[in-house]
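The structure appears below as structure tokens.
Sequence lines set the chain letters: A, B, ... in the order given, protein chains first and strands last, and positions in each chain run from 1.
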There are 2 protein chains.
Amino acid sequence: MSLLEAPLVVASNRGPVTFDRDDLGGLDARRGAGGLVTALIGAMQRVDGLWVAAASSDTDRELAAGLDGGRVDMERFGADYRVRLLDIPPERYDAYYNRISNGILWFVHHYLWDTVRQPIFDDEVDEAWNEYVAVNRRFAEALAEEADRSPTPPAFLVQDYHLTLVPRFLRELRPDAFIAHFSHTAIAGLTYMRILPGRVREGILRGMLGADVLGFHSQMWAENFLMSARSLPGVRADLARSRLSVEGRQVAVRIHPISIDAVGLRQEAAGPEVTALRRELNRWRGDTRLILRVDRLELTKNIVRGFQAYALFLRTHPEWHRRVRFLALLSPSRMDVPDYLTYGEECVAEAQRVNTEFGDEEWQPVEVRVRDDYLGALAAYGISDVLLVNPIYDGMNLVAMEGPLLNRRAGVLVLSRNAGAYWRLGKHALAVNPFDLRETADALYRALEMPREERIRRARGLSRLVLSNPAERWVRTQLEDLERARIRRRTPSPEPAARA
Amino acid sequence: MSLLEAPLVVASNRGPVTFDRDDLGGLDARRGAGGLVTALIGAMQRVDGLWVAAASSDTDRELAAGLDGGRVDMERFGADYRVRLLDIPPERYDAYYNRISNGILWFVHHYLWDTVRQPIFDDEVDEAWNEYVAVNRRFAEALAEEADRSPTPPAFLVQDYHLTLVPRFLRELRPDAFIAHFSHTAIAGLTYMRILPGRVREGILRGMLGADVLGFHSQMWAENFLMSARSLPGVRADLARSRLSVEGRQVAVRIHPISIDAVGLRQEAAGPEVTALRRELNRWRGDTRLILRVDRLELTKNIVRGFQAYALFLRTHPEWHRRVRFLALLSPSRMDVPDYLTYGEECVAEAQRVNTEFGDEEWQPVEVRVRDDYLGALAAYGISDVLLVNPIYDGMNLVAMEGPLLNRRAGVLVLSRNAGAYWRLGKHALAVNPFDLRETADALYRALEMPREERIRRARGLSRLVLSNPAERWVRTQLEDLERARIRRRTPSPEPAARA
């Protein structure tokens with residue numbers, strides 16, 4: 001049987017739904033948003049799939065401890081797939097999730113450290129790593145159990161930097177498993193990866209190499225992985241074919257840019273609540289042009305330099321004073337982490353500096369809104385003239401797709417060349433180096449001054465690209481990769497040439 | 001005529017000598033130290049060579065403005081080569097040297113930025129870059145003039161990150177010139193290089209590609225350059241042959257680890273002044289073991305983490321209290337730059353913390369000496385038991401060679417895996433990840449506890465490696481590379497395969 005029809009088993013840190021109890025004690029399921037969840041659930045429903053994730057709410061944990069090994073049939077919520085929740089002890093979860101995944105792996109892949117002073121690896125990091133290993137092993141064991149319960153061999157889709165060791169552990173438990181791993185983040189180059197303690201670096205590289213197929217959002221991240229992996233003893237790389245060979249197995253390195261759930265998003269954006277919010281925003285903006293940014297308050301997003309570039313634009317172009325506003329919708333993220341809290345304060349302070357330098361009673365050039373406001377973002381996407389997406393590094397960046405999809409004013413996208421989205425959308429965007437204030441300021445100016453025909457042409461190009469790559473394709477191409485790996489496994493190919 | 005016998009023209013920012021006036025108005029020439037100067041002067045003397053450099057002292061500038069285009073025959077100082085000094089206006093020199101070379105290129109190649117906040121590229125950087133371009137053009141023009149005055153085509157050896165554009169500019173002026181460029185620094189990977197403004201990044205990459213041969217101290221730096229260069233439009237890479245093809249030309253990427261002037265160093269270390277200093281240090285250390293570090297006070301050198309690792313060692317091994325001392329000889333560097341001044345203060349503060357936590361009236365575990373003390377370093381090399389060389393990134397690191405060469409106690413070398421020297425000396429050193437305090441602390445312990453036979457075996461291995469690679473070889477191999485390039489140029493080879 002082709003793996004395209006095989007049972008699908010997904011593993012990710014967060015599941016597609018979070019369970020809660022309603023007032024009467026009944027079970028509620030809140031579904032996560034986004035292309036990944038939509039695409040994977042769609043695919044799973046066709047094949048009676050199962051999604052393994054860590055329990056996150058109290059109710060999750062209650063279910064995880066339940067009779068069927070934490071399995072929940074989603075039929076009672078009208079869906080045709082199952083969820084399996086793993087109960088991870090809180091301290092272990094904290095080490096795995098906060099300290100290793102978000103405190104170290106996220107930092108390394110986005111080049112976030114102030115290397116002269118950070119990071120410092122000591123015994124505590126060592127102990128936290130042991131917990132990361134334990135959680136990854138727990139996931140792998142759960143996946144192996146699912147393989148045993150499945151009448152035909154399933155296709156495993158393992159997600160992201162939280163679960164880099166799962167492919168290898170699962171391979172050890174079930175040598176014949178068909179395993180794909182997908183990295184949604186940027187991936188650091190080899191020299192920067194050498195910051196990690198040896199066993200962490202080798203652990204995640206060899207962990208991922210347990211898969212048959214490794215997926216990345218863009219060529220840069222795939223290439224960085226290839227170059228790091230081939231530096232390990234016993235690993236050979238065929239760069240031309242983007243394939244690695246290790247322990248007699250082949251590992252294909254593939255690029256599959258994910259997209260967004262266009263249909264779902266457009267439906268939400270057309271609803272009465274978003275319509276009302278849009279009207280309200282339109283009143284607020286008056287007859288000014290609107291520069292928008294929508295981001296998590298995240299170190300990678302480069303929010304401070306965004307305001308600095310805007311200030312440089314205003315300084316260079318006084319003719320635009322009072323004719324433009326910058327709306328920054330920032331959703332709080334990891335606010336219990338000192339680095340993030342400090343950064344949030346720096347963002348707000350920088351916006352205030354801009355307002356102090358250029359604003360007056362009638363015109364405040366920047367408005368920052370720090371809160372979770374998903375519907376407000378959908379509304380703002382519709383009416384912005386310029387969308388600024390300038391992360392220092394970003395695996396993909398979905399804002400760069402959501403904005404153009406929902407925009408109604410032929411808005412211009414100013415896009416960092418270091419976002420994965422740049423490789424897909426770059427030619428219709430105004431590309432900027434996120435560290436270059438002058439280039440960013442000039443792009444804002446050019447976007448505001450751009451003739452209508454060019455704006456329309458670019459905006460159409462962007463939404464065409466977004467629509468032409470539905471999120472389902474992202475799942476399908478991974479399964480096709482796995483199917484090719486299955487066929488290849490039965491017809492051994494010659495060894496790739498030595499390190500090319 | 002083979003290029004091995006051709007006239008040699010060297011270009012570097014600093015020349016081999018600095019000129020001054022003595023009390024009577026006569027000319028004095030202070031020669032720089034180190035393997036590079038010794039090796040290049042040795043090679044130049046054999047072929048009546050010439051060294052082009054920026055004027056640095058007042059007398060330099062006076063000579064640069066002199067009759068013969070700034071050329072000074074070193075015959076009057078008993079040497080058989082010439083120096084040509086270029087007078088660069090101070091503001092231009094400041095932009096080229098401090099702001100671009102040391103403020104940006106040094107930072108990018110050693111991953112020094114706190115990327116969330118630094119760098120910020122604005123119009124000032126843009127203007128400074130123009131000055132860097134102008135200085136590089138000035139050097140290239142001077143080299144082209146030397147080519148015209150030479151009866152046979154010279155071999156050009158261009159040095160380091162200050163002069164990355166010289167190969168290309170010289171190639172434009174003299175398309176047939178034989179040009180080698182050598183990078184003495186680390187080289188950043190492509191993803192981090194993307195921090196640079198587009199025209200800076202492309203400028204330095206394409207500038208260097210003007211050479212026939214590009215030299216690096218280690219495989220990591222050569223590979224990073226190859227991967228960055230092949231990302232440029234029109235550049236093709238043959239990674240297996242470590243060769244690039246651009247504009248119909250071939251560029252060989254080669255690894256030539258430089259070494260030190262062993263003979264000269266041993267002579268200096270045997271002199272009466274160093275002998276007296278050694279005796280004094282021996283009295284000071286008493287019957288304790290001595291851990292030594294010798295560094296410029298430089299962000300890359302990882303001095304703070306060195307003290308932190310030592311503290312971790314002392315915390316884990318109270319049995320070593322009072323039995324060991326850590327001597328840090330730090331020579332001030334770029335102390336007018338705020339980043340460096342702050343870092344120097346952090347280093348001293350960290351050492352004080354260690355002394356406060358572990359020391360008492362009789363035993364201060366750390367001694368920091370911040371001053372230029374070259375002879376003191378030579379003395380200390382002789383009597384140390386452990387030499388700590390733990391840079392976060394370092395093109396080569398000569399301390400790792402000088403120490404073992406001069407050491408008389410079978411001292412152990414603890415060496416960062418991110419120093420170019422690691423690729424040459426690693427197997428006889430205790431290798432550490434410079435960010436990993438635990439690994440570094442354990443290496444210090446292991447070094448102190450190491451049986452005498454193992455110490456002797458390792459120490460011999462180190463000095464054998466240093467002696468087996470005299471600095472002259474570094475020059476000769478580059479000239480051999482250039483000669484191969486000359487022959488290849490006459491017999492056009494097939495195009496390398498597409499991006500492999």
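Counting only distance, with no hydrogens or angles, the side chain of B:Arg99 and the backbone of B:Trp129 share no donor-acceptor pair below 3.5 Å. Side-chain atoms of A:Ser228 never come within 3.5 Å of backbone atoms of A:Phe225 as a donor-acceptor pair (strictly under, hydrogens ignored). Side-chain N or O atoms of A:Ser183 include none that pairs as donor or acceptor with a backbone N or O of A:Phe216 at under 3.5 Å. Looking only at distances, a side-chain donor or acceptor of B:Asn224 sits under 3.5 Å from a matching main-chain atom of B:Ile187. Between the side chain of A:Asn130 and the backbone N or O of A:Val133, no donor-acceptor pair lies under 3.5 Å. One N or O on the side chain of A:Arg305 and one on the backbone of B:Gln118 form a donor-acceptor pair closer than 3.5 Å.
Heavy atoms closer than 4.5 Å to chain A are found nowhere in B:Val304, neither backbone nor side chain. Contacts between A:Arg194 and chain B at a heavy-atom distance below 4.5 Å involve backbone atoms as well as side-chain atoms. In this structure, the portions of B:Asp436 lying under 4.5 Å from any heavy atom of chain A include both its backbone and its side chain. Looking at B:Asn433, the atoms closer than 4.5 Å to chain A (heavy atoms on both sides) all sit in the side chain, from C-beta outward. Heavy atoms closer than 4.5 Å to chain B are found in the side chain of A:Ile392, but not in its backbone.
Contacts from residues 195-204 of chain B to chain A, taken as heavy-atom pairs separated by less than 4.5 Å, involve B:Ile195, B:Leu196, B:Pro197, B:Gly198 in sequence order.
Most heavy-atom pairs under 4.5 Å with chain A: of the set B:Leu312, B:Asp339, B:Thr300, B:Thr191, this distinction falls to B:Thr191. Of the residues considered (B:Arg117, B:Gln308, B:Glu346, B:Arg438), B:Arg117 shows the highest number of contacts with chain A, using heavy-atom pairs under 4.5 Å. Chosen from B:Thr440, B:Asn418, B:Asp122, the residue pairing most often with chain A at heavy-atom distances under 4.5 Å is B:Asn418. No other option in A:Val432, A:Leu437, A:Asp126 has as many heavy-atom pairs under 4.5 Å with chain B as A:Leu437.
Using cut-offs of 30° and 60° for the angle between ring planes, the B:Tyr111 and A:Tyr192 rings count as tilted. Between B:Phe107 and B:Tyr340, the ring planes are perpendicular. Angles over 60° get that label, and only those under 30° would be called parallel. Using cut-offs of 30° and 60° for the angle between ring planes, the B:His317 and B:Tyr445 rings count as parallel.
A salt bridge does not link A:Arg446 to A:Asp442: none of the charged nitrogens lies less than 4.0 Å from a carboxylate oxygen.
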